[in-house]
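Worksheet: one structure, shown below.
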Amino acid sequence: MSDKMDRILLVDDERHLLISLKDYLVSERFDVVTATSGEEALAILDQTRPDLIVLDISMPGMGGLGFLRQITGADGKTAYPVLVLTARSMLENFFDSVAVAGFLTKPCDENKLVRTIRKILASTQKRPVRSQGQMFTVLLAEDDPLLIPGMTAAFSAAGFEVVTVENGPDVLDKAVTMNPDVVVMKEVLPRLNGSAVARLIDVMTSLSGLPVVLYDERLSEGKAERSKSTFARCVKQHLSVNQPGALVAATQALLH
C-alpha cells in the first residue's frame, strides 16, 4: 500500500486559523501547504500540485474569487478541486460559472472539514455503480415537523433509505458526506431556498450527476410545468404538491 499522503493547499489570511487547521490536518495524515493570500497561493502552484485546495473567500488583494478566476478554465472547471470556506448566507451569490468541489461554513468544524476533504478526494465525476438489491437513498429536505414523519414513512414503505434535513445549507453538507441517489427538496427552506441549493449542486463537482426532485405546493400544476426551464440542470422533477405519494411516485419514475 502506498504511503503517499494527499497534499492540501490551505489558503486563508487568518494566521491563527491557518496554524490550527494545518496542525489538525497534519495529525490526520495530510501533507499541508499554506498560503495567506491568493497571490501567494498562485506562486505555490508554480512549484507544487495539490490534490485539493481549501480556500477562504474573504481575503485582501485578489481574494478568493480572484484566485478562483486565475485557476478556472474557459469551461468553468478549476485546475484543482477546490473546497470553499465561506458564510452560508453568501453561498447563493458567489458562484454562477465556477465548478467548485464543495462549500463549508466559517468558522469551520475540524471534524467536518476532514470528512468533507476525504469525501471530495474519494469522489470522481462518475457516481458509483449500484450493486444488485442495494436500497436507493433519498435525502429529504423538509422543515415542517408535521409532514416529515408521513413523508419518511412513505419513502421507507416504497423501499427507500431516507435521511432528512430541515434547511438548505444542510442539504449541501449532507449530500457531500452521504452521497445520496436523489434529493427530494422543498422550494421554501430556511436559510437557503431549494432552487438556490440546486444551482449550487450544479457547480459542485463532488455532486456531479445528483438528481433533484423539487416541490412547491404554492404553485398550480400548470405553473410548475411552465417554470421547469428556469431551474438548475439537476432538477429533473418539479412538482406543485407535497403529498408523500406524489413525491414517492416522482422519485421512482426518476430512478427507474
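Along the sequence shown, residues are numbered consecutively beginning with 1. All values reported here derive from a predicted model rather than from experimental measurement. Every heavy atom of this structure was used, including side-chain atoms; hydrogens, water molecules and symmetry mates were not.
- Heavy-atom neighbours of Lys174 NZ from other residues, nucleotides or ligands within 6.0 Å: at or below the threshold of 12.
- Under the side-chain hydrogen bond (donor to acceptor under 3.5 Å, both in side chains) test applied with Tyr215, the options Glu142, Gln237, Gln243 reduce to a single match, Glu142.
- At least one side-chain heavy atom of Leu25 sits under 4.5 Å from a side-chain heavy atom of Val114.
- Using a 4.5 Å cut-off on side-chain heavy atoms (C-beta onward), Gln252 and Phe136 make no contact.
- Judged purely by atom type and a 3.5 angstrom limit, Thr177 uses its side chain to pair as donor or acceptor with the backbone of Asp173.
- With sequence neighbours excluded, no residue satisfies salt bridge (Lys or Arg N to Asp or Glu O under 4.0 Å) with Glu166.
- Side-chain contact between Thr78 and Ile53: absent, with no pair of heavy atoms (C-beta onward) separated by less than 4.5 Å.
- The closest side-chain heavy-atom distance from Val162 to Val184 is not below 4.5 Å.
- When atom types are taken as modelled, the side chain of Asp6 and the backbone of Asp51 share no donor-acceptor pair closer than 3.5 angstrom.
- For the atom pair Leu68 CG and Ile57 CD1, the distance stands at 5.5 Å (nearest 0.5 Å).
- Residues Tyr24 and Asn111 form a side-chain contact, since some pair of their non-hydrogen atoms from C-beta on lies under 4.5 Å apart.
- Side-chain contact between Leu210 and Pro180: present, with at least one pair of heavy atoms (C-beta onward) separated by less than 4.5 Å.
- Note that the OH atom of Tyr80 and the CG atom of Leu45 stand 4.5 Å from one another [nearest 0.5 Å].
- When the options Val138, Val241, Leu239 are evaluated for a side-chain contact (heavy atoms from CB on, under 4.5 Å) with Leu247, the one that passes is Leu239.
- The NZ atom of Lys236 sits 13.0 Å away from the CG atom of Leu214 when rounded to the nearest 0.5 Å.
- Smallest separation of non-hydrogen atoms from Ser37 and Val11: O-CG1, 3.7 Å.
- By the criterion of side-chain heavy atoms lying less than 4.5 angstrom apart, applied directly or through intervening Ile, Leu, Val, Met, Phe, Trp or Tyr residues, Val163 is grouped together with Val212 in one hydrophobic cluster.
- Of the inter-residue distances, the one linking Asp56 atom CG with Leu10 atom CG reads 9.5 Å to the nearest 0.5 angstrom.
- Separation of atoms CG (Leu140) and CZ (Phe160) is listed at 11.5 Å; rounding is to 0.5 Å.
- Under the salt bridge (Lys or Arg N to Asp or Glu O under 4.0 Å) criterion, Glu187 pairs with no residue at all, not counting sequence neighbours.
- Without hydrogens or angle criteria, Asn193 side chain to Ala196 main chain gives no donor-acceptor distance under 3.5 Å.
- Looking at Glu28 and Ile117, their side chains never come closer than 4.5 Å, going by heavy atoms from C-beta outward.
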Next on the checklist: Show, in sequence, the C-alpha distance, side-chain angles and deciding distance for Thr137 and Asn179, and conclude whether the side-chain contact (heavy atoms from CB on, under 4.5 Å) test is met.
Outcome noted: CA-CA 8 Å; Thr137 302; Asn179 194 27; over 6 Å; no

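- With a 4.5 Å cut-off on side-chain heavy atoms, Thr34 and Asp12 do not count as touching.
- Taking both residues in full, the closest heavy atoms of Asn167 and Arg191 are given as ND2-NH1, 3.5 Å, listed atom of the first, atom of the second, then distance.
- Between Leu254 atom CG and Asp181 atom CG the span is 10.0 Å, to the nearest 0.5 Å.
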Side-chain donor-acceptor distances from residues 143-155 under 3.5 Å, at least two apart:
residue : atom : partner : partner atom : Å
Asp143  : OD1  : Lys186  : NZ           : 2.8
Asp144  : OD1  : Leu146  : N            : 2.9
Thr152  : OG1  : Ile148  : O            : 2.9

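- Under the 4.5 Å side-chain contact rule for hydrophobic residues, Met178 and Val197 share a cluster.
- Hydrophobic cluster membership is shared by Leu121 and Val26, with clusters built from Ile, Leu, Val, Met, Phe, Trp and Tyr side chains linked at under 4.5 angstrom.
- Contact detail for Val213 and Ala250: the closest heavy-atom pair is CG1-CB, 4.4 Å.
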